[in-house]
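Quick note: residue numbers are just sequence positions, from 1.
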Amino acid sequence: MYTFHLEDEFTDITLNLRQRITLIGGDSGQGKSLLAAKIRSMQERQLISDALVVDSRELLQTMSYTQCKLIIIDRMEQYTHDDEVWQAMLQTQDKFFIIYPRGICKIPFTPESLADIVVTKTDGKLCFSLRY
C-alpha cells in the first residue's frame with residue numbers, strides 16, 4: 001500500500017492506494033475533476049513534485065520519464081488508445097496510477113482496484129480520500 005498525502009491551507013488530500021492501479025468511476029459531481037484540479041494547482045504553485053495529472057497526449061508520453069510517484073490519468077479515451085496507456089504503465093513499475101475512465105475504455109481491472117473519491121469539509125479544509 002502507498003499513502004499519498006498533500007496539504008495546504010485550504011485542502012487536505014490523503015489517498016491510501018491499495019494497488020498500483022486504482023480506477024475511479026462514477027457520475028459527474030463525485031469529485032474527480034476537483035481532485036485533479038487541486039493537485040494541478042499545488043503543482044503550479046510548486047508545493048508538490050511527486051504527483052502528475054495527465055490530461056493530454058503529450059503528458060502521456062512523459063509518464064515513464066517523470067519523477068512523480070503518483071500519476072492521475074484523466075479522460076484517456078479522448079487522446080489515446082488504451083493499449084498505449086497500458087504499455088506506458090508496464091514500463092513504469094515504480095509508480096502508482098489513478099485512472100478516471102469517463103468513456104468507453106477497455107481497461108483490465110479487478111474489483112479490488114475500484115474506488116470512489118470521498119470529499120468532506122473539516123476545519124475549513126476540503127478533504128479528499130478514497131473508499132474501496
Side-chain angles (χ1 to χ4, degrees):
M1 181 156 62
Y2 172 71
T3 298
F4 178 80
H5 183 254
L6 292 174
E7 191 170 358
D8 67 10
E9 60 275 13
F10 304 110
T11 310
D12 185 338
I13 301 170
T14 303
L15 306 175
N16 292 315
L17 302 169
R18 294 183 181 174
Q19 299 187 44
R20 207 169 66 81
I21 299 171
T22 301
L23 279 87
I24 299 176
D27 297 329
S28 294
Q30 300 297 312
K32 295 182 294 293
S33 293
L34 185 58
L35 175 61
K38 291 291 185 180
I39 290 174
R40 190 177 289 117
S41 171
M42 289 180 182
Q43 277 181 311
E44 289 169 358
R45 293 182 286 150
Q46 298 181 342
L47 298 176
I48 60 163
S49 61
D50 57 347
L52 174 67
V53 178
V54 176
D55 57 4
S56 71
R57 185 172 185 79
E58 291 76 27
L59 284 174
L60 177 71
Q61 294 169 343
T62 67
M63 274 187 353
S64 59
Y65 304 107
T66 182
Q67 297 298 316
C68 296
K69 186 77 173 167
L70 173 66
I71 299 174
I72 297 175
I73 303 175
D74 191 7
R75 301 184 188 278
M76 71 178 187
E77 68 278 353
Q78 292 185 3
Y79 54 83
T80 185
H81 297 291
D82 303 331
D83 289 343
E84 286 180 276
V85 174
W86 289 112
Q87 289 302 317
M89 286 179 179
L90 290 174
Q91 295 172 9
T92 55
Q93 293 290 323
D94 61 334
K95 301 185 186 335
F96 289 82
F97 297 90
I98 294 177
I99 300 175
Y100 299 167
R102 299 187 189 240
I104 297 173
C105 291
K106 296 176 183 172
I107 302 172
F109 68 92
T110 62
E112 294 82 26
S113 64
L114 297 174
D116 294 315
I117 294 177
V118 177
V119 183
T120 58
K121 195 162 192 174
T122 304
D123 297 329
K125 287 189 175 188
L126 206 52
C127 302
F128 294 86
S129 62
L130 295 179
R131 177 180 55 230
Y132 289 87

Exercise for the section: Spell out, yes or no, whether Ile24 and Tyr2 are grouped together once hydrophobic residues are joined by side-chain heavy atoms under 4.5 Å, including indirect joins. Expected result: yes
Handout entry: Connected via hydrophobic side-chain network under 4.5 Å: Val119 and Met42
Key = yes
Run the side-chain donor-acceptor check on residues 13-20: report pairs under 3.5 Å with partners two or more places apart or on a different chain.
{"residue": "Thr14", "atom": "OG1", "partner": "Asp12", "partner atom": "OD1", "Å": "3.2"}
{"residue": "Asn16", "atom": "OD1", "partner": "Thr3", "partner atom": "OG1", "Å": "2.7"}
{"residue": "Gln19", "atom": "NE2", "partner": "Glu112", "partner atom": "O", "Å": "3.2"}
{"residue": "Arg20", "atom": "NH1", "partner": "Thr92", "partner atom": "O", "Å": "3.1"}

Handout entry: Atom pair CD/SG of Glu7 and Cys127 - distance to nearest 0.5 Å
Key = 8.0 Å
Handout entry: Approximate separation, where rounding is to 0.5 Å, of Gln67 CD and Asp50 CG
Key = 11.0 Å
Practice task
Kindly compute the distance separating CZ (Phe96) from CD1 (Ile21), expressed to the nearest 0.5 Å.
Solution key: 10.5 Å
Exercise for the section: Look up atom CZ in Phe97 and atom OG in Ser113, then write down how far apart they are to the nearest 0.5 Å. Expected result: 13.5 Å
Exercise for the section: Indicate, with yes or no, if Tyr132 and Tyr100 share a hydrophobic cluster defined by side-chain heavy-atom contacts under 4.5 Å among Ile, Leu, Val, Met, Phe, Trp and Tyr. Expected result: yes
Exercise for the section: Determine, for Phe128 and Lys38, whether the Lys NZ or Arg CZ falls below 6.0 Å from the six-membered ring centre while staying within 45 degrees of the axis. Expected result: no
Exercise for the section: May I ask you to check whether over 12 heavy atoms, not counting those of Asp94, lie within 6.0 Å of atom CG? Expected result: yes
Handout entry: Pairing of Arg131 and Asp116 as salt bridge, 4.0 angstrom limit
Key = yes
Practice task
Would you name the heavy atoms of Asp8 and Lys125 that are closest together and state the gap between them?
Solution key: O-NZ, 3.0 Å
Handout entry: Main-chain N/O of Gly25 paired with Gln30 side-chain donor or acceptor, under 3.5 Å
Key = no
Problem - Pairwise side-chain contact, Leu52 with Leu70, heavy-atom cut-off 4.5 Å (strictly under) - result: no
Problem - Backbone of Ile99 reached by a side-chain donor or acceptor of Lys32 within 3.5 Å - result: no
Exercise for the section: Mind listing the closest non-hydrogen atom pair of Thr22 and Ala115 along with its distance? Expected result: CG2-CB, 3.8 Å
Handout entry: Stepwise side chain to side chain contact (heavy atoms under 4.5 Å, CB included) test for Val54 and Asp74
Key = CA-CA 6 Å; Val54 176; Asp74 191 7; over 6 Å; no
Exercise for the section: Flag the pair Leu6 / Ile39 as yes when at least one side-chain heavy-atom distance between them is below 4.5 Å, and no otherwise. Expected result: yes
Problem - Any Phe10 side-chain heavy atom under 4.5 Å of Leu126 side chain - result: no
